[in-house]
Amino acid sequence: MMLHIPAVLTKPQVQEFRRRLAQAEWIDGRATAGPQGAQVKRNRQLAELSPLAQELGGVITQALANHPLFFAAVLPLRILPPYFNSYASGEQYGMHIDSAIRTRPGTANAMRADVSSTLFLSEPEEYDGGELIVSDAYGTHEVKLAAGDVIVYPSSSVHRVAPVTRGERVSSFLWSQSMVRDDAKRGMLFALDQNIQKLRAAHGDNEITVELAGHYHNLLRMWAEV
């Protein structure tokens, strides 16, 4: 399941992020790629443990944790601290699949990467190219969102970032371990949850919405790992 989550960061927050990131020291993005990814990755990143990455990453993590759509779609159990990257002058990231197991920077604590998220920090008109291109059973999807918006998608998807041919594409990216590891099951739970919300908004709580909510929680009880 792919989902566009708008306005995770406000425009003033994005502007402040960009001001701070413009003064940052960037390193070779291959530092955090696996063996296969390193062969096709050409971009720049903030160092994992840099104070700026940790500070800004904390803002993003908190914003996502407080966003009801992100929680409903991802059902996060653990969220890896966000990374930051930049693409310019033809830089790109070729076709790859994210590593299944990630380690929290500076620790030995490992987690499973079920859901990938990209938060765009550049407006679409600031750069040419740079689309996130995700391939799945339903085809190929090109994503280029407004600054402050997030796209979430299964970490098992084959995806790439197209070459940036003008300007600079700045973004943050992160991985989540979901309470429900199977993407199809998460998708069913999300659809059920969203339709329950629509029924409640239209008709209030009643016997039908209570019963449907019970089905949702019983499915979650059956499938969740905590």
* Structure fact -> Test side-chain hydrogen bond (donor to acceptor under 3.5 Å, both in side chains), reference Ser86, set Glu168, Glu91, Arg169, output is Glu168
Please determine whether residues [X] and [Y] belong to a single hydrophobic cluster, defined as Ile, Leu, Val, Met, Phe, Trp and Tyr linked transitively by side-chain heavy-atom distances below 4.5 Å.
{"X": "Leu119", "Y": "Val152", "value": "yes"}
{"X": "Val143", "Y": "Tyr153", "value": "yes"}
{"X": "Val59", "Y": "Val8", "value": "yes"}
{"X": "Leu121", "Y": "Phe70", "value": "yes"}
{"X": "Leu56", "Y": "Val14", "value": "yes"}

Out of curiosity, [X] [atom1] to [Y] [atom2], how far, rounded to the nearest 0.5 Å?
{"X": "Asn206", "Y": "Glu211", "atom1": "CG", "atom2": "CD", "answer": "10.5 Å"}
{"X": "Leu69", "Y": "Leu3", "atom1": "CG", "atom2": "CG", "answer": "5.0 Å"}
{"X": "Ile5", "Y": "Ser117", "atom1": "CD1", "atom2": "OG", "answer": "7.0 Å"}
{"X": "Leu46", "Y": "Gln54", "atom1": "CG", "atom2": "CD", "answer": "11.0 Å"}
{"X": "Ile151", "Y": "Ser171", "atom1": "CD1", "atom2": "OG", "answer": "12.5 Å"}
{"X": "Asp193", "Y": "Leu219", "atom1": "CG", "atom2": "CG", "answer": "12.0 Å"}

* Asked: Between Arg104 and Glu48, does at least one N-O distance fall below 4.0 Å, as a salt bridge requires?
  -> no
* **Ionic contact status for Arg166 with Glu126, cut-off 4.0 Å** => no
* **Trace of the salt bridge (Lys or Arg N to Asp or Glu O under 4.0 Å) decision for Arg44 with Asp28** => CA-CA 5 Å; Arg44 290 156 294 136; Asp28 191 325; over 6 Å; no
Identify the two heavy atoms, one from [X] and one from [Y], that lie closest to each other, and give their separation to 0.1 Å.
{"X": "Leu49", "Y": "Pro105", "value": "CD2-CB, 3.6 Å"}
{"X": "Pro163", "Y": "Gly90", "value": "CB-O, 3.9 Å"}
{"X": "Gln92", "Y": "Ala162", "value": "CB-C, 4.1 Å"}
{"X": "Ser116", "Y": "Asp98", "value": "OG-OD2, 2.6 Å"}
{"X": "Ala47", "Y": "Ala53", "value": "O-CB, 3.7 Å"}
{"X": "Pro68", "Y": "Asn66", "value": "CD-O, 3.4 Å"}

Hey, does [Y] have a side-chain heavy atom less than 4.5 Å from the side chain of [X]?
{"X": "Phe17", "Y": "Leu9", "result": "yes"}
{"X": "Ser178", "Y": "Arg112", "result": "no"}
{"X": "Leu145", "Y": "His4", "result": "yes"}
{"X": "Val134", "Y": "Met2", "result": "yes"}
{"X": "Pro154", "Y": "Met1", "result": "no"}
{"X": "Gln45", "Y": "Phe173", "result": "yes"}
{"X": "Val170", "Y": "Leu21", "result": "yes"}

* Asked: What class does the angle between the rings of Tyr93 and His96 fall in, given that below 30° is parallel, 30 to 60° is tilted and above 60° is perpendicular?
  -> parallel
* To do: Classify the ring geometry between Trp175 and Tyr83 as parallel (under 30°), tilted (30 to 60°) or perpendicular (over 60°).
  => perpendicular
* Check the pair Arg20, Leu52 against side-chain contact (heavy atoms from CB on, under 4.5 Å), reporting the backbone distance first and the verdict last. => CA-CA 8 Å; Arg20 302 281 301 280; Leu52 182 60; 3.3 Å; yes
Does a donor on one side chain and an acceptor on the other come within less than 3.5 Å for [X] and [Y]?
{"X": "Ser155", "Y": "Asp114", "value": "no"}
{"X": "Tyr87", "Y": "Asn43", "value": "yes"}
{"X": "Arg160", "Y": "Ser135", "value": "no"}
{"X": "His159", "Y": "Asp136", "value": "no"}

* Asked: Honestly, is Lys144 close enough over Tyr127, meaning NZ or CZ under 6.0 Å from the six-membered ring centre and within 45° of the axis?
  -> yes
* Start with the C-alpha distance between Leu75 and Leu189, add both sets of side-chain angles, then the distance that settles side-chain contact (heavy atoms from CB on, under 4.5 Å), and finish with yes or no. => CA-CA 10 Å; Leu75 295 171; Leu189 286 167; 4.0 Å; yes
Does [X], at its [atom1] atom, have more than 12 non-hydrogen atoms belonging to other residues, nucleotides or ligands within less than 6.0 Å?
{"X": "Glu225", "atom1": "CD", "result": "yes"}
{"X": "Gln194", "atom1": "CD", "result": "yes"}
{"X": "Ile27", "atom1": "CD1", "result": "yes"}
{"X": "Glu25", "atom1": "CD", "result": "no"}
{"X": "Lys11", "atom1": "NZ", "result": "yes"}

* Asked: Taking the side chain from Thr61 and the backbone from Gly57, do they hold a donor-acceptor pair closer than 3.5 Å?
  -> yes
* Run the side-chain contact (heavy atoms from CB on, under 4.5 Å) check on Leu64 and Leu174 step by step: do they pass? -> CA-CA 11 Å; Leu64 289 171; Leu174 58 102; 3.6 Å; yes
* List for me each residue that meets ring pair (Phe, Tyr, Trp, His ring centres under 6.0 Å) alongside His67, sequence neighbours excluded, and say none if there are none. => none
* **side-chain contact (heavy atoms from CB on, under 4.5 Å) between Lys185 and Phe190, intermediate numbers included** => CA-CA 9 Å; Lys185 291 175 180 176; Phe190 178 70; over 6 Å; no
